[in-house]
Amino acid sequence: MRGWWQDLTDLVLPAECGGCGRPRAALCAECRAALCGAVPRRVRPDPAPPGLPVVFAAVPYEDAGRAVLLAHKERGALGLAGPLGVALAGAVCGVLRGETRPRGDTGARSGVGGTQDGPQGRVMPVSLVPVPSSRAAVRARGHDPARRIAFAAAGELRRAGVPARVLAVLRQRHAVADQSGLDSRQRQANLAGALEVTAGGGRLLGGGGRFVVVDDLMTTGASLAEAARALRALCIDENTGAEAARDPVTGVVRRPVLSCVNAIGAAVVAAPPDSFEINRN
């Protein structure tokens, strides 16, 4: 695990650009433009896992985008969370609007804002729900990359006039195998039923508004689909008001926490290049 002095050194006197390796720059101007200036686009893996929501990505997982993500995720370059958050915020706005944004527009200038899904038509913030890392991965890396980027993205959205918050309400129910080396179907099987909403999370989710599952990277889409499933599965017992997972066997009448108004989308910083190229008409 990195020491605090290493993190401080990287912030104050970065050794090299996280994108291209240029010295004395946490992220050089060219790599920042490639990461934060790209137009987010809708992406879809092939094959797409069942239940995968609409996904927008900021950049293809190649070149500077790939290098910056790996530097932040695996090498603990925590200073890169800011620009990665800017990129993710753009992808979130793509989800909210259902279309791409002009270059340099984080959302406020395109009319993207909160939603009037709260009580008495109150404007509710957009809720970013990060896909959780396993405890073992957090211990090994010393941080949760997706969660850190989600907080940076929420800050960027708020600065652009878009009410936003982070709801870290998902957790792993059980350990899963290492995803590396698994194909799409194997990843789906590996993650099936692996996530659940934390105790008390339903009260936060039940407040209304729009929900966007966020992660740093989409590969096969299995993690995003499982996260969306866990959110949709949360129900409230209409008799007691208690949170409960959807269970068709018990016969208890329950209502979903998330209604059709609270459509779930997904946003990531990067996705495989070929996922940008699928015909979506």
Side-chain angles (χ1 to χ4, degrees), residues 1-43 45 55-94 100-107 128 130-131 133 137-138 140-157 159-160 179-181 214-220 223 267-277:
M1 184 181 298
R2 291 166 55 94
W4 63 266
W5 60 271
Q6 291 176 301
D7 295 334
L8 181 61
T9 300
D10 282 350
L11 290 171
V12 177
L13 192 63
E16 60 183 24
C17 171
C20 65
R22 184 175 298 175
R24 299 303 181 200
L27 191 64
C28 71
E30 290 83 355
C31 290
R32 184 179 293 272
L35 179 67
C36 303
V39 177
R41 293 167 55 190
R42 185 176 174 182
V43 293
V55 185
F56 273 74
V59 295
Y61 187 57
E62 60 185 3
D63 303 329
R66 179 178 184 275
V68 173
L69 275 177
L70 288 176
H72 175 261
K73 187 173 190 173
E74 305 296 350
R75 299 199 297 276
L78 305 185
L80 296 174
L84 287 169
V86 173
L88 181 59
V92 170
C93 288
T100 56
R101 65 179 173 89
R103 292 179 68 89
D105 180 4
T106 312
L128 309 186
V131 175
S133 299
V138 172
R141 294 171 178 147
H143 72 124
D144 187 330
R147 182 169 178 166
R148 185 180 295 274
I149 296 171
F151 276 104
E156 176 67 18
L157 289 166
R159 285 188 290 273
Q179 296 274 84
S180 60
V214 296
D215 206 350
D216 55 352
L217 174 66
M218 182 193 78
T219 49
T220 66
S223 296
V268 296
V269 175
D274 57 2
S275 67
F276 287 77
E277 300 169 1

Separation between NZ (K73) and CG (L80), nearest 0.5 Å, reads 14.0 Å

Check side-chain hydrogen bond (donor to acceptor under 3.5 Å, both in side chains) between R66 and all other residues, then give those that pass, not counting sequence neighbours. none

Give me the atom names and distance for the closest heavy-atom approach of A34 to A38. O-CB, 3.7 Å

Given the rule in the side-chain contact (heavy atoms from CB on, under 4.5 Å) test, do S275 and M218 qualify, once you have shown the distances and angles that lead to the verdict? CA-CA 9 Å; S275 67; M218 182 193 78; 4.0 Å; yes

How about P145 and S133: do any of their side-chain heavy atoms sit closer than 4.5 Å? yes

Pairwise distance CD1(I149) to CG(L128) - rounded to 0.5 angstrom: 12.0 Å

Note: C31 and C17 closest approach over all heavy atoms is SG-SG, 3.8 Å

According to side-chain contact (heavy atoms from CB on, under 4.5 Å), who are the partners of A58, at least two apart in sequence or on a separate chain? A87

State, to 0.1 Å, how close A67 and G19 come at their nearest heavy-atom pair, and which atoms those are. CB-O, 3.3 Å

Check step by step if side-chain contact (heavy atoms from CB on, under 4.5 Å) holds for L70 and Y61. CA-CA 10 Å; L70 288 176; Y61 187 57; 3.5 Å; yes

Using every non-hydrogen atom in the two residues, find where C36 and P83 come nearest and quote the distance to one decimal. SG-O, 3.4 Å

Can you tell which of V86, V92, L88 makes a side-chain contact (heavy atoms from CB on, under 4.5 Å) with E156? V86

With distance as the sole test, does R41 use its side chain to make a donor-acceptor pair with the main-chain N or O of F276 at under 3.5 Å? yes

Show the numbers, then the answer: is there a side-chain contact (heavy atoms from CB on, under 4.5 Å) between V269 and V68? CA-CA 10 Å; V269 175; V68 173; over 6 Å; no

Would you say the side chain of P272 lies within less than 4.5 Å of the side chain of T220, judging by non-hydrogen atoms? no

Check step by step if side-chain contact (heavy atoms from CB on, under 4.5 Å) holds for L84 and D216. CA-CA 8 Å; L84 287 169; D216 55 352; over 6 Å; no

Donor-acceptor check, side chain of H72 to backbone of G18, threshold 3.5 angstrom: yes or no? no

